[in-house]
Amino acid sequence: MFWDQESETLNRPALEAHQVKCLRDTVARVAARVPFYAGKLKEAGVGPEKIQAIQDVTRLPFTTGIDLRTIYPDGLLAVDAAETVRLHTSSGTTGKPKALFFSRRDVSNAAELIARSLVMTGITKADVFQNMMSYGLFTGGLVMHYGAEKVGCLVIPSGPGTSERQLMLMQDFGTTAVHILPSYALYFAAFLEQRGIKPGSLKVRKAFVGAEPHTEETRLRIEQALGLDVYNSYGLTEMNGPGVAFECEHKAGMHLWEDNFLMEVINPATGQPLPDGETGELVLTTLKREAMPILRYRTRDITSIIPEPCACGRTHRRIRRITGRSDDMLIIRGVNIFPQQIERVLMQCPQVGRNYLIIVEGLDDLTIQVELTPAGFDGTIENLNALKAQLMDKLKAEIWVRPAIELAAPGSLPVAEGKAKRVLDKRSL
Ligand code: DLL
């Protein structure tokens, strides 16, 4: 099913011509209206006239998260302040957040991309869409809400709320689709099991998960535990929030809406572009942003482009599941480790529950606290020791470092309020 078939299936030459035109317009606008970019473009010796082909994007300067913090609050505005209608922020670890302004057209465009994304998974106006992500400065609430409303769904803005209340809303209003953090979905599945509620007794058939890194194994877990189809959704505040890239019904990579965002994958160390299919850092340029265009944004997210056409007929290329952020990479005893490698091993093990915590301390000592399922936590010392040994071996094979494993009772590890915090690196405290 298509929301905007013409845009979604535009042939590649037409799509690329559209990108070049939008890129040239964007460069012209920021050169004229944003002193931060005017200076950077002058330094690089690039103006709109130099943008003749897609590859010319590599002539443009990068924008980093640090830049966005430096120009905080409104140093990238390309419209008069009176033209802005919405503010979202992306909370960082410390200091000021990144502030993102939307014009009326930006709000409508963002909703349009969500509508495309939802409809390509089979969502229609008959769906009841429970948005279990946080409303407020985080984009997962409002941006998704506007898009689902645009499709015509009944949208329940439940926010993250308590599981008890989520369940009541699902039962009373016949929720058919949910938008949920993957870590919360695992938690919610455990909650339903505890309450003795069979997922099949609810009407929920689809879950859209994103905003945090998660593995294919986690997707399968959520699908099995909740008995529904889970679709991966990728986005970031700097690029509207959700709706940047989304899986279609084939669930084989996420279509990135290339008429709105120009994507590159670069070697994060050198900044040089990588050929399609190679893994590196995703860099995005807004093509239609009115209030706050951003050139070559270093997302820090690690992925690769799938150049092959998709069976769904959409021409917008796909990116692979994000395997981590370049700044999430742990270096332990000289080995590069992404937390997701650890998650993949843990989630394959049926005795492992929904939560885990990776702790690094001292001289690169790696400990993984692992919560078990009620069935896995059988209290027999021999079984628990055997499980520990098995996890250590499997992890050693995956990450080349043998971690210490601490098994924990179901529900005993701390749960974050928003996005899950999976790593505690005490070396940097
Ligand atoms: O998380 C926007 C969003 C909301 C996306 C709801 C999807 C659903 P930020 O809070 O700015 O925005 O965080 C963006 O989260 O750079 C990635 O590192 C990570 N991320 C987002 N989606 C995924 C995903 C929202 N599907 C940052 N897989 C991004 C892995 C993801 N990581």
Side-chain angles (χ1 to χ4, degrees), residues 63-65 68-69 87-93 97-100 102 110-111 113-114 117-118 121 129-148 157 159-160 177-185 206-219 222 230-247 251 253-257 261 263 265 268 279 281-284 292 294 297-304 318-329 338-341 343-344 416-423:
T63 308
T64 64
L68 291 191
R69 290 208 163 88
L87 175 74
H88 281 290
T89 67
S90 163
S91 52
T93 35
K98 301 167 204 160
L100 272 295
F102 291 62
L113 297 184
I114 300 286
S117 305
L118 294 178
T121 69
F129 188 96
Q130 190 160 326
N131 192 1
M132 298 164 74
M133 285 214 193
S134 160
Y135 279 71
L137 290 166
F138 177 55
T139 51
L142 280 175
V143 172
M144 196 54 130
H145 184 111
Y146 273 51
V178 294
H179 183 218
I180 185 168
L181 288 172
S183 54
Y184 185 36
K206 289 183 171 63
F208 303 101
V209 306
E212 329 174 291
H214 58 288
T215 54
E216 188 62 32
E217 286 70 23
T218 297
R219 183 225 297 269
I222 302 171
V230 172
Y231 296 89
N232 192 1
S233 143
Y234 169 77
L236 56 163
T237 316
E238 297 85 322
M239 301 283 138
N240 297 349
V244 174
F246 222 92
E247 282 179 337
K251 296 186 191 167
M254 298 176 279
H255 290 280
L256 191 138
W257 298 121
F261 306 102
M263 68 166 147
V265 170
T279 301
E281 179 183 341
L282 182 68
V283 171
L284 295 171
M292 200 170 150
I294 301 184
Y297 187 64
R298 302 274 308 246
T299 66
R300 304 272 166 209
D301 293 320
I302 305 294
T303 185
S304 56
R318 290 162 292 163
I319 54 169
R320 292 198 168 80
R321 181 180 290 284
I322 308 289
T323 55
R325 290 177 58 80
S326 54
D327 37 13
D328 275 354
M329 190 179 76
F338 281 105
Q340 295 221 76
Q341 291 176 276
E343 177 177 308
R344 200 179 310 137
E417 231 173 57
K419 301 191 188 199
K421 292 184 185 52
R422 303 294 198 192
V423 180

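We count ligands from 1, going down the list as the structure has it; atoms in each ligand are counted the same way.
- Under 4.0 angstrom from ligand 1, there are no non-hydrogen atoms of V143.
- Under the 3.5 Å distance criterion, the side-chain polar atoms of N131 are matched with a main-chain donor or acceptor of G141.
- For atom 25 (C) of ligand 1, the closest heavy atom belonging to the protein is G235 O, 3.7 Å.
- Under the side-chain contact (heavy atoms from CB on, under 4.5 Å) rule, E212 has a single partner from L181, T218, I322, which is L181.
- Within the structure, the closest approach of F208 to ligand 1 does not fall below 4.0 Å when heavy atoms are considered.
- The closest protein non-hydrogen atom to atom 19 (C) of ligand 1 is A211 O, 3.8 Å.
- Each of the atoms 16 (O), 18 (O) of ligand 1 lies under 4.0 Å from some heavy atom of R325.
- Nearest protein heavy-atom neighbour of atom 28 (N) of ligand 1: E212 O, 3.4 Å.
- Without hydrogens or angle criteria, T303 side chain to R320 main chain gives a donor-acceptor distance under 3.5 Å.
- The ligand atoms of ligand 1 that sit less than 4.0 angstrom from a heavy atom of G140 are 4 (C), 6 (C).
- The closest side-chain donor-acceptor pair between T64 and R298, if any, does not fall under 3.5 angstrom.
- P242 and M144 make their closest contact through CG-N, 4.3 Å (heavy atoms, listed as atom of the first residue, atom of the second, distance).
- Interatomic distance, T279 OG1 to I302 CD1, rounded to the nearest 0.5 Å: 8.5 Å.
- For ligand 1, the atoms lying closer than 4.0 Å to a non-hydrogen atom of G210 are 7 (C), 8 (C), 26 (N).
- Using a 4.0 angstrom heavy-atom cutoff, H179 counts as in contact with ligand 1.
- Other residues, nucleotides and ligands place no more than 12 heavy atoms under 6.0 Å from the OH atom of Y146.
- Proximity of a side-chain donor or acceptor of H88 to a complementary backbone N or O of L137 within less than 3.5 Å is detected.
- Less than 4.0 angstrom separates some heavy atom of I322 from each of these atoms of ligand 1: 28 (N), 30 (C).
- Protein heavy atom nearest atom 1 (O) of ligand 1, with residue, atom name and distance: K419 NZ, 2.9 Å.
- For atom 16 (O) of ligand 1, the nearest protein heavy atom (residue, atom name, distance) is D301 OD2, 2.7 Å.
- The contact set between ligand 1 and N232, taken as ligand atoms under 4.0 Å from a residue heavy atom, comprises 24 (C), 26 (N).
- Residue S326 comes nearest to E281 through the heavy atom pair OG-OE1, 4.5 Å, listed as atom of the first residue, atom of the second, then distance.
- Which parts of ligand 1 touch T139 is read off a 4.0 Å heavy-atom cut-off, strictly below it: atoms 2 (C).
- The residue from S233, P97, G141, P213 that puts a heavy atom closest to atom 30 (C) of ligand 1 is P213.
- Ring geometry for F129 against F208 counts as parallel: the plane angle stays under 30°, on a 0 to 90° scale with 60° as the upper cut.
- Among all non-hydrogen protein atoms, the one lying nearest atom 11 (O) of ligand 1 is T237 OG1, 2.5 Å.
- Not a single N or O atom of T299, backbone or side chain, sits closer than 3.5 Å to an N or O atom of ligand 1.
- Contacts between M254 and ligand 1, counted as non-hydrogen atom pairs separated by less than 4.0 Å, are absent for every part of the residue.
- Between the side chain of E238 and the main chain of Y297, no donor-acceptor pair closer than 3.5 Å is present.
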